[in-house]
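The shown structure was predicted, so the numbers you read here are calculated from the model rather than taken from an experiment.
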Amino acid sequence: MRIYIAGKVSGEDIAQCTMKFGNAYQLIRLHGADAVNPLAVVNDWHITWQMAMKKCIKALMECDAVYALPCWKDSKGAQIELDLAQKLGIKIYYTRKSLENNLAPSA
């Protein structure tokens, strides 16, 4: 299972943003799934928002589910990603608990 991580990036402190998405990446991996970190997908802090979104949406389309970080409501991009995922029937986990309850721990 491939899980895309959605959350606020624009306007965030780079170190805190990297840690926030990195922690989510590790959580998903801990439960045996492949994690798709949008920071790694874009890999450029100076790219335009529009170009970053094109890369992220392309990556999202290759995923089976989305893990929405708590900050998703504060992000225009994450709102677009989650709206698209919902309309396409891609499973969305809105809480850590729902993610953990639906993924088996890795052996």
Side-chain angles (χ1 to χ4, degrees):
M1 175 178 270
R2 290 175 56 85
I3 301 176
Y4 182 87
I5 304 164
K8 183 171 173 46
V9 175
S10 297
E12 297 287 282
D13 175 76
I14 292 173
Q16 289 179 352
C17 190
T18 301
M19 185 171 29
K20 167 176 64 177
F21 279 88
N23 288 342
Y25 180 90
Q26 292 300 326
L27 173 67
I28 293 166
R29 299 287 295 157
L30 176 70
H31 290 282
D34 290 329
V36 178
N37 183 338
L39 302 182
V41 169
V42 174
N43 198 29
D44 182 353
W45 288 98
H46 302 290
I47 194 172
T48 65
W49 180 84
Q50 292 82 356
M51 288 304 297
M53 285 303 299
K54 287 180 181 182
K55 289 183 174 196
C56 289
I57 289 171
K58 182 178 178 182
L60 170 62
M61 293 297 94
E62 298 173 0
C63 292
D64 305 296
V66 178
Y67 176 43
L69 297 177
C71 59
W72 75 268
K73 291 180 184 176
D74 300 324
S75 169
K76 179 172 69 169
Q79 290 175 19
I80 291 168
E81 292 164 345
L82 293 173
D83 183 55
L84 182 59
Q86 182 181 32
K87 287 179 176 166
L88 295 175
I90 298 171
K91 176 71 179 161
I92 302 170
Y93 301 109
Y94 286 99
T95 66
R96 178 181 177 146
K97 185 171 186 156
S98 69
L99 175 73
E100 290 176 328
N101 286 344
N102 286 282
L103 297 177
S106 63

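In this structure, the side chains of I90 and C63 stay at 4.5 Å or more apart for every pair of heavy atoms. Y93 is not listed as a side-chain neighbour of N101, based on a closest heavy-atom distance of 4.5 Å or more. At least one side-chain heavy atom of L84 sits less than 4.5 Å from a side-chain heavy atom of M61. Side-chain contact between K8 and W72 is absent, with no heavy atoms from C-beta onward closer than 4.5 Å. At a threshold of 4.5 Å between non-hydrogen side-chain atoms, the residues V66 and E81 do not count as touching. By the 4.5 Å heavy-atom criterion applied to side chains, V9 and V42 are not counted as neighbours.
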Q) Can you list the steps and then say if M1 with L103 is a side-chain contact (heavy atoms from CB on, under 4.5 Å)? A) CA-CA 9 Å; M1 175 178 270; L103 297 177; 3.7 Å; yes

Give the intermediate values and the outcome of side-chain contact (heavy atoms from CB on, under 4.5 Å) for residues R96 and L27.
CA-CA 9 Å; R96 178 181 177 146; L27 173 67; 3.5 Å; yes

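L88 CG to D83 CG: the interatomic distance, rounded to the nearest 0.5 Å, is 9.0 Å. Note: E100 CD to I28 CD1 = 10.5 Å, rounded to the nearest 0.5 Å. Atom OH of Y25 is separated from atom CG of L30 by 12.5 Å, given to the nearest 0.5 angstrom. The line from NZ of K73 to SG of C71 is 11.5 Å long, rounded to the nearest 0.5 Å. To the nearest 0.5 Å, atom OG1 of residue T18 and atom CG of residue N23 are 10.5 Å apart.
N37 and I5 make their closest contact through CA-CD1, 4.2 Å (heavy atoms, listed as atom of the first residue, atom of the second, distance). The shortest heavy-atom contact between S75 and G7 is OG-O, 3.8 Å. Scanning both residues, Y67 and A24, for their nearest heavy atoms gives CE2-CB, 3.9 Å. The minimum heavy-atom distance between Y4 and C56, with the atom names listed, is OH-CB, 3.1 Å. Heavy-atom minimum distance, E62 versus R2: O-NE, 3.3 Å.
Residue M53 is grouped with residue L82 when hydrophobic side chains (ILVMFWY) are merged at heavy-atom distances under 4.5 angstrom, including chains of intermediate members. In terms of hydrophobic clustering, with Ile, Leu, Val, Met, Phe, Trp and Tyr side chains grouped at heavy-atom distances under 4.5 Å, I14 and V41 are assigned to different clusters. The hydrophobic clustering, which links ILVMFWY residues whose side-chain heavy atoms are closer than 4.5 Å, places V36 and F21 apart. W49 and L60 end up in the same hydrophobic cluster when Ile, Leu, Val, Met, Phe, Trp and Tyr side chains are linked at under 4.5 Å.
Between the side chain of K55 and the main chain of N43, no donor-acceptor pair closer than 3.5 Å is present.
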